[in-house]
Amino acid sequence: MSPWKHKHLLGLSSLSKKEITRILDEAREFYKVLERPIPSVPALRGKTILNLFFEPSTRTLMSFTLSEKRLSADSLTFSKTSSSIKKGETLLDTVKYIEAMKIDGIVVRHSSAGVPYYLSQRINAFVINAGDGAHEHPTQALLDLFTARRHFKTLKGLKIAIIGDIKHSRVAKSNIIGFSKMGASVTVCGPPTLIPFGIEKMNAIFEYDLKKAIKDADIIYVLRIQMERQENGMFPSLREYRELFGIAQQNKKKGSIIMHPGPINRGLELTSSMADAPNSLITEQVKTGVAVRMAILYLLGGASEKI
Amino acid sequence: MKKISSENEIKLILERISSEIKERHIDMKKVSFIGIKRHGDILAERLKYILSKDTGIKFNVGALDITFYRDDLQMISELPEVKSTEINFDVNGREIILVDDVLYTARTIRAALSEILDFGRPSRIELAVLIDRKQKELPICPDYVGKIIPSSKEEIIDVFLKELEGKDAIFIRKKDEPMET
């Protein structure tokens, strides 16, 4: 097996199909570790990981924290509200001073695209992107790929329909890149104002009509309507969105599944009955998230030098 | 390069170890096997086969990959490939025979012990190895030994097993010598 050559995980665009497969294969072993009586291993003992969250997060932060603990790393969490950022310290200063306390890796979430890259160029620790602006959210996409592969056994030839605000969604971008790299075909659907210009260059098909978009889909991937990003009237009303793009019933495709990165606006982009349907893998996504993040942390932090 | 053991000798060693295990365990029903990948798991299967035929007991066999428990993970530059650990039985209260092909530094055994103890609390763990190189760096002693081959750090012992390499044989060679094929 060839050595892992990336020091950081900034996005799926820089990973090859083979490297994505490697992460998913390692994650399969960590998934089994999580089912043991003592669900942790000493692989990252003595390493210190900092979770640097400039944007609020429950799931991703908890998932990372748990993954670090399951690998026996020491982890600490920095959140924007309780820090010196409020006193006017620059981002780089904040991180430099934290790094001086001997930090091996940083998991960063920020509202500006490019922050993980910016940090990776300036500090020695490895950097994992936990979501940067509307750019990428690679660990979410990897756990989605893992969940889908675990369910369907393969990703090749699958049809995935991603529904919602594609334009502001880093989850959508990373998933479009990831699923198309793995040989699945991606259709996106949502209000035209929320579909970025040039989406076809990302190997995704744009479909305006929801019914057509999900008709043949194996995976209906529902995005959260991000209320915090909808202040400038990208669509007329939530009610209209719900009528035109809310997922309220199953498609006819046999064996299709529902996925959602969370948190769900129940009754808006997804009805409760669909979110809790037997073919909804939303809870499974949360479970696999820990295994996938363990695999990533292990690959980036497990050995002393990267080749 | 020198051949240490032939197919027939490996067979005899495993038969001898099997009878030693039987001799030391009053209640064979409590015995389970765990082999360290790769090779140890195959040897564990062979011991199980011999003892099952003899006693009629269906023994549990587990396989262990110790990658996550290695003490040199922070010192090596290339990550080892992760293989699966499969222990599909309850180890609590069992008498575990831990099986490996070559006992060298004993650090693998240390890692394996840590991993097994994370699965539960066996009443006893014993160690069975095909070859003891007498080079251990930790106070761990094997309970069942096939053959003692005192060898230096400049030498390598290659174990071939039918299930993986197509034949049963053990060779010793100098580090710079090519491997027997």
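From a predicted model like this one, the values you see are computed outputs, not experimental measurements. Letters go in sequence order (proteins before strands), and every chain restarts at 1.
Side-chain contact between B:Thr85 and A:Arg36: present, with at least one pair of heavy atoms (C-beta onward) separated by less than 4.5 Å.
Rounding to the nearest 0.5 Å gives a distance of 12.0 Å between OG of A:Ser40 and CZ of B:Phe68.
Pairing each heavy atom of A:Ile38 with each of B:Leu117, the nearest pair is CD1-O, 4.3 Å.
Within 6.0 Å of NZ in A:Lys156 there are 12 or fewer heavy atoms belonging to other residues, nucleotides or ligands. The 12-atom threshold is not exceeded at NZ of B:Lys174, counting heavy atoms of other residues, nucleotides or ligands nearer than 6.0 Å. Other residues, nucleotides and ligands contribute over 12 non-hydrogen atoms within 6.0 Å of the CE atom of B:Met28. In B:Lys167, the NZ atom is crowded: over 12 heavy atoms of neighbouring residues, nucleotides or ligands sit closer than 6.0 Å.
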